[in-house]
Amino acid sequence: MLGVMRVHKLPSQLINQIAAGEVVERPASVVKELVENSLDAGAGHIEVDVEAGGLRLLRVRDDGEGMAREDLVLAVDRHATSKIASLEDLEGVQSLGFRGEALPSIASVSRVTLTSRAAGEERAWRIEGDGSGDFAEPAPAPHPPGTTVEVRELFFNTPARRKFMRTEKTEFAHVEKVVRQMALACPDAGFVLRHNGRVVWQSPAGQETQRLERLLGPEFAAHCIAVEDAAAGLGLHGRIALPTFSRSQADMQYFFVNGRLVRDRMVAHAVRQGYEDVLYHGRHPAYVLHLTIDPARVDVNVHPAKHEVRFRDGQLVHQFISRTLGEALSQTRPGEAPTTRVALHADPARAVPGAGSQARMGLATPAADREAYQSAWSDYARPADAAGQPLAEQGVQSVASPASADTGEQNPPLGFALGQLHGVYVLAENDHGLVLVDMHAAHERISYERLKQAFVGEGVRSQPLLVPVSLAVSRAEADAAEAHRETFSQLGFEIDRSGPESLMIRAVPALLAQAEAEVLVRDVLADLMTHGRSRRLEEAVNELLSTMACHGSVRAGRQLTLPEMNALLRDMERTERSGQCNHGRPTWVQLDLAELDRMFLRGR
């Protein structure tokens, strides 16, 4: 048994090394702290040099405000900062880090050299630490305005920590990821990243599209839409990838709150909900989004590394994010440039319509095409061509499309139908080249959006149960059901509390009369208790409407006339989310002339 030990004060170096255990996990942690300090200092250009994955050297140079001699000394002292002076400052913190907070911890496990020249000063100053916690007196040094921090031999005096470091390649990959995140968070600052003397990548300030190409690849930049919205004191801007650019894992998701990268489950749920109805099962969306909010309305100190946040009104933030993204995705239609900025000016308090205006694209469908289209979708007899002859059973049907050159009118985005391939695909010619349409998937989306619009127009109707259903719940669930009684009523439910831990279901939404009422009520309760709102009913209804649309859509193998094909193309151009079917699969692809030329090795 251990003997009783007297309370004693720990040595300064040990205190710093204990703190380093929280702040300095690996070289990437050091880079994160140093780059955040540079950004808080107003740097417009930041250079990060790494050697041996960061274990030999980490150098961060910036052109920020810099520090005077006396500030340089305080910067390596514990709990010294220029950013926090009171509790109110801490609760409304807008900076990324506290210069002086992490430096003593880093200096306790490495050899640190700090050189800085304050703006307007003629001389720069340098201080050096040997890992013992002590620093030499500042000495004059040549340096342009700004600050350079050199961290050498990380964990040289803590071998137990150093042995847990991975290979040079792995450690540098973590460093590169951190710098990439910072570059995405701060497009107004230029970045250069070097490893072992070689430039890995550089990203000049501004040039948003070029930066996205460098940091996330040209495919993301070519398949994303820009979103910008503001309401209720919240702002959201950034780029979201189209559903066709989904990922097998959540490896391209960057969400920043007031410039700080966060990994928040509520935010992730809201984004996922914004992609509802368009994302293929098991796939993950890609995005770079920036949320701006009054710092007093968000707590960034709930996690030691500030990866998580807590919003004072999480329900409002959740609704704002999901509805903004949902509407942005719903407004993308064939023919619109993927990077077109969508300015929504949404009001988070309003309901999101199930479908938008049928006339937003301003394209009129010829009456003959419309009549033939409606007739074809309502009558499943095999259509005939204009001469009354049955169309071919298989192969490609081809008839010349209308020429805009003859009429002087602009061709519609999806062009005009050329024919049909094996009763599955519609082939069309537009100004860019060849369009291929999966006719069943496309018509399924069109039918689905119309059914949703009709359902929203009619509202939710209740159907009383012949025999009320008793439901055993926890006391907390019963309290929630009682508190949200009006919400349940709006969703078509009639629910009474029949005891401290029991509910009585007396009516359910008419459209879901055949569903298991107990399961649906429990799911809605779980959502209300977690997020303050629920979309379970909408999701269940949409699933039913999706099934109805699937069974009511034109089937593969069905032969269509050219007017029917053209009518389908025109409806796709009007319909929200028409780029994907109800299950998230693409409904059409474009092969431009350059791609076709490459296929056939044809020069132009």
Side-chain angles (χ1 to χ4, degrees), residues 231-234 250 255 257 262-277 279 291 293 297-303 307-326 346-352 459-460 462-463 465 468-509 511-513 515-544:
L234 302 172
F255 196 96
V257 177
V262 301
R263 302 180 186 93
D264 187 86
R265 285 182 296 176
M266 185 275 287
V267 167
H269 183 270
V271 172
R272 187 88 185 177
Q273 203 165 83
Y275 275 83
E276 189 180 42
D277 266 354
L279 200 62
L291 178 71
I293 183 174
R297 297 171 63 184
V298 58
D299 184 0
V300 300
N301 294 305
V302 297
H303 188 278
H307 288 159
E308 300 174 5
V309 295
R310 181 182 294 118
F311 298 99
R312 287 192 177 179
D313 193 345
Q315 181 180 350
L316 177 67
V317 175
H318 186 283
Q319 292 179 7
F320 175 68
I321 295 171
S322 63
R323 288 175 175 174
T324 297
L325 300 190
D347 176 5
R350 74 184 187 284
V352 176
V460 181
S462 296
Q463 178 173 314
L465 297 176
V469 176
S470 179
L471 185 63
V473 296
S474 67
R475 184 179 293 272
E477 288 175 320
D479 292 341
E482 199 168 28
H484 291 282
R485 182 184 178 121
E486 182 62 28
T487 301
F488 274 105
S489 178
Q490 293 172 355
L491 295 175
F493 292 97
E494 183 182 338
I495 299 178
D496 296 325
R497 186 169 187 170
S498 55
E501 297 181 344
S502 62
L503 301 173
M504 191 68 70
I505 306 173
R506 302 188 183 279
V508 297
L511 197 60
L512 301 175
E516 295 185 35
E518 304 98 317
V519 175
L520 192 55
V521 169
R522 288 187 190 277
D523 288 344
V524 171
L525 268 176
D527 286 343
L528 290 173
M529 294 174 70
T530 304
H531 304 295
R533 64 191 296 265
S534 177
R535 289 171 56 95
R536 295 285 178 166
L537 174 66
E538 183 179 346
E539 291 170 357
V541 168
N542 285 349
E543 185 175 352
L544 178 61

- request: Could you check Phe311 against Leu291 for side-chain contact (heavy atoms from CB on, under 4.5 Å), going step by step and ending with a plain yes or no?
  value: CA-CA 12 Å; Phe311 298 99; Leu291 178 71; 3.9 Å; yes
task: Decide yes or no on side-chain contact (heavy atoms from CB on, under 4.5 Å) for Phe320 and Ile293, but give the supporting numbers first.
output: CA-CA 12 Å; Phe320 175 68; Ile293 183 174; over 6 Å; no
Verdict with reasoning, Leu234 to Leu316, per side-chain contact (heavy atoms from CB on, under 4.5 Å): CA-CA 9 Å; Leu234 302 172; Leu316 177 67; 4.1 Å; yes
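A heavy-atom distance below 4.5 Å is found between the side chains of Ile321 and Val317. In this structure, the side chains of Leu471 and Arg522 come closer than 4.5 Å at one or more pairs of heavy atoms. Asp264 has its side chain out of reach of Arg310: every pair of non-hydrogen atoms, C-beta onward, lies at least 4.5 Å apart. Side-chain contact between Leu325 and Glu276 is absent, with no heavy atoms from C-beta onward closer than 4.5 Å.
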Side-chain donor-acceptor contacts of residues 500-509 below 3.5 Å, not counting sequence neighbours, with atom names and distances?
from	atom 1	to	atom 2	distance (Å)
Ser502	OG	Ser498	OG	3.0
Ser502	OG	Gly499	N	3.1
Arg506	NE	Asp496	OD2	2.7

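Here CD of Gln273 is found 5.0 Å from NE2 of His269. Values are rounded to the nearest 0.5 Å. Of the inter-residue distances, the one linking His484 atom NE2 with Ser489 atom OG reads 14.0 Å to the nearest 0.5 angstrom.
Salt bridge annotation for Arg497-Asp479: present, with a cationic side-chain nitrogen under 4.0 angstrom from a carboxylate oxygen.
When all heavy atoms of Ser322 and Gln319 are compared, the closest pair comes out as OG-O, 3.3 Å. Scanning both residues, Leu525 and Ala481, for their nearest heavy atoms gives CD2-N, 3.6 Å.
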